[in-house]
Amino acid sequence: MTTLRIADGRVLHPDFSVTESDVLVDRESGEIVAVGDVAAGDETLDASGCLVMPGLVNAHCHAAMTLLRGYADDKPLECWLREDVWPVEAELTAEDVRVGTELALVELIRSGTTAFADMYFEMAEVAEAVADAGVRARLGHGVVGVGKDADAARADHEESLAFAREYDGAADGRIRTVYAPHSLTTVSEELLREYVPDARAAGVPVHYHANETADEVDPVVEEHGERPLAYADDLGLLGESDFLAHGVHSDASEIALLAERGTAVVHCPASNMKLASGAAPVPAYREAGVTVALGTDGAASNNDLDLFDEMRDAAMLGKHAAADASAVPAQAAVEMATAGGADALGIDAGRVEAGRNADLAVVDFEAAHLTPTHDAVSHLAYAARGSDVRHTVCDGDVLLRDGEVTVFDEAAVRERAADHAAALVARAESE
Ligand SMILES: N[C@@H](CCSC[C@H]1O[C@@H](n2cnc3c(=O)[nH]cnc32)[C@H](O)[C@@H]1O)C(=O)O
Ligand SMILES: [Zn+2]
C-alpha cells in the first residue's frame with residue numbers, strides 16, 4: 001500500500017462536527033484508510049490552516065457549455081434555448097466538446113469538485129477528458145426530439161443507450177453512465193415508452209430535466225391529464241437510482257411520489273434564478289425524505305461551475321422563497337453539495353470516513369474573508385469560494401496541489417477553449 005497523508009488540518013466529519021485530524025489515503029485502492037492521528041504516510045499533503053471536506057459533487061451539468069459562457073444572457077429558458085443556445089450547439093464539433101469539457105474540468109478541480117453528472121453531445125470526448133482529469137462522472141448523451149424527424153429522434157435515443165452501455169465502468173470505474181432523455185416535453189412519449197425499458201435492461205439510471213419552468217408543466221397536464229412526475233412515473237422514470245434536474249414546479253403529490261420512489265432531485269439555484277424559472281421547494285423535498293443534490297447546470301446559465309456559489313445560492317434562495325431565515329440552513333447546503341450529490345449519483349463518497357472513496361477538497365481558511373472561524377460549516381456555505389480550495393484529491397490522486405492543477409496544462413486549455421469558442425460562434429452567426 002502506498003499512502004498519502006493529508007496532514008495537520010481540521011476535518012469535517014459526516015455528522016458535521018469538526019476536529020483536528022489527519023486523513024490517511026491508500027493511493028492504490030483510492031480509499032480513505034484512517035481519519036485521526038496518523039503518524040506518517042509515503043507522501044504528505046499539508047493541510048495546516050485548512051479544512052478537509054468531502055469533494056463537492058456537481059450533480060447536473062452540461063460541461064462543454066463553458067464555450068457559451070456569457071454568449072447569451074438575460075432571457076427565459078425557452079427563448080434562450082431556441083434563439084441562442086440550440087443554433088450554436090448545432091455547429092458544435094467533437095473537438096469543441098473536448099476542449100470545452102477540459103475547460104470545465106479545470107474549473108471543477110480548482111473549486112474542489114471531484115464528481116459531476118454531465119448531459120451533452122459527443123460524450124465519448126467527454127469520457128476521454130474525464131479519464132485524463134481523474135475525477136468521477138455520471139455521463140449521458142442528451143436526447144432531444146424537437147426539430148427532428150422520427151428517424152433522427154430514434155437515432156438519438158439509440159446513441160444515448162449505446163454510449164451508456166459502452167462506457168459504464170470506464171476509467172477504472174470512475175465513469176458511470178445514464179440514459180439521458182432531455183426532458184418530459186422535448187422527448188416524445190412513444191420513444192420514451194420504447195427506450196426506458198432498454199435502459200433498465202442495460203442497468204443504467206436515467207437523468208433528465210423535469211418541472212424546470214411553469215411553462216413545461218401545463219403542456220404535460222393538457223396532453224397526458226396528469227402532473228409531470230405522475231406521467232414520469234407511468235413511463236417508469238422514477239427509479240431509485242434515477243435523478244432529475246430542477247424540480248422547481250413540483251406540487252405536494254409529486255414530492256410525495258419522489259419520496260416513495262427514491263428518485264433524487266438536483267437543485268440548480270443559480271440557473272433557476274438566472275432564467276427566472278422559480279424556486280424549488282427544497283425544504284419540502286428534504287422533509288419528505290427526497291435526496292436533494294446541487295448542480296450548476298451549464299456555465300451559460302450560471303455562469304460558472306463553482307459549487308461554493310451554489311451552496312450559498314441554495315441557502316439564500318431557499319430562505320428568500322420561504323420568507324424564513326431557517327428554511328435552508330448552512331448545514332443543509334453543505335450536505336446537498338456533498339453526501340446528497342454522492343447519493344444521487346450512486347458514488348461511495350461525500351463523507352470523510354474510513355472505507356469511503358478518497359474524494360476530498362482541502363479548503364484554505366487562512367484568508368481575511370474566512371476570519372474568524374466561529375463555525376466552519378457556516379463559512380463553507382456563506383463565505384468560502386472555490387478559489388479558496390488548496391488541494392483536490394480524487395480516488396487517492398492529487399488533481400490540484402497547492403493551487404496548481406496537476407492533470408492539465410491549464411494555460412493551454414484556456415487558450416484552446418477561447419479559440420474554439422470564437423470559431424464556434426463565428427460559424428453559427430454566419431449561418
Ligand atoms: N443530443 C441533443 C443534445 C441534448 S444535451 C442537453 C441540452 O440541454 C440544454 N440545456 C442547458 N441548460 C438547460 C436548462 O437549464 N434546461 C433545459 N435544457 C438545458 C443544452 O443546451 C443541451 O442542448 C440534441 O440533439 O439536441
Ligand atoms: Zn440542464
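Order of appearance sets the numbers: ligands from 1, and atoms from 1 within every ligand.
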salt_bridge(Asp96, Arg427) N-O dist < 4.0 Å | yes
Would you call Lys319-Asp324 a salt bridge at under 4.0 Å N-O?
-> no
For Asp297 and His62, does a side-chain donor sit closer than 3.5 Å to a side-chain acceptor?
-> yes
Hey, does Asp234 have a side-chain heavy atom less than 4.5 Å from the side chain of Glu226?
-> yes
Without hydrogens or angle criteria, can the side chains of His369 and Asp388 be said to hold a donor-acceptor pair below 3.5 Å?
-> yes
Can you tell me which residue and heavy atom of the protein come closest to atom 25 (O) of ligand 1, and the distance to 0.1 Å?
-> Lys148 NZ, 2.6 Å
Taken in chain and number order and not counting sequence neighbours, the residues that satisfy side chain to side chain contact (heavy atoms under 4.5 Å, CB included) with Asp149 are Asp151, Ala152
Excluding waters, which protein N, O or S atoms are within less than 2.8 Å of the Zn ion (ligand 2)?
-> His60 NE2, His62 NE2, His209 NE2, Asp297 OD1
For Ala259, check side chain to side chain contact (heavy atoms under 4.5 Å, CB included) against everything at least two apart and list the hits.
-> Ala288, Val290
Quick one: which of His182, His157, His60 has a heavy atom closest to atom 6 (C) of ligand 1?
-> His182
Starting from atom 2 (C) of ligand 1, locate the nearest protein heavy atom and write down its residue, its atom name and how far away it is, to 0.1 Å.
-> Gly142 O, 2.9 Å
Should Ser301 be counted as touching ligand 1, given the test is an N or O pair under 3.5 Å?
-> no
Please find out if less than 6.0 Å separates the ring center of His209 from that of His60.
-> yes
Could you tell me which atoms of ligand 1, counted from 1 in the order shown, lie closer than 4.0 angstrom to a heavy atom of Leu77?
-> 14 (C), 15 (O), 16 (N), 17 (C)
Does some non-hydrogen atom of Glu159 fall short of 4.0 Å from ligand 1?
-> no
N/O of Glu212 under 3.5 Å from N/O of ligand 1, yes or no?
-> yes
Applying side chain to side chain contact (heavy atoms under 4.5 Å, CB included) to Ala256 and not counting sequence neighbours gives none
Say whether, by atom type as modelled, one donor and one acceptor occur between the side chain of Arg110 and the main chain of Gly403 under 3.5 angstrom.
-> yes
N/O to N/O below 3.5 Å, does that happen between Tyr120 and ligand 1?
-> no
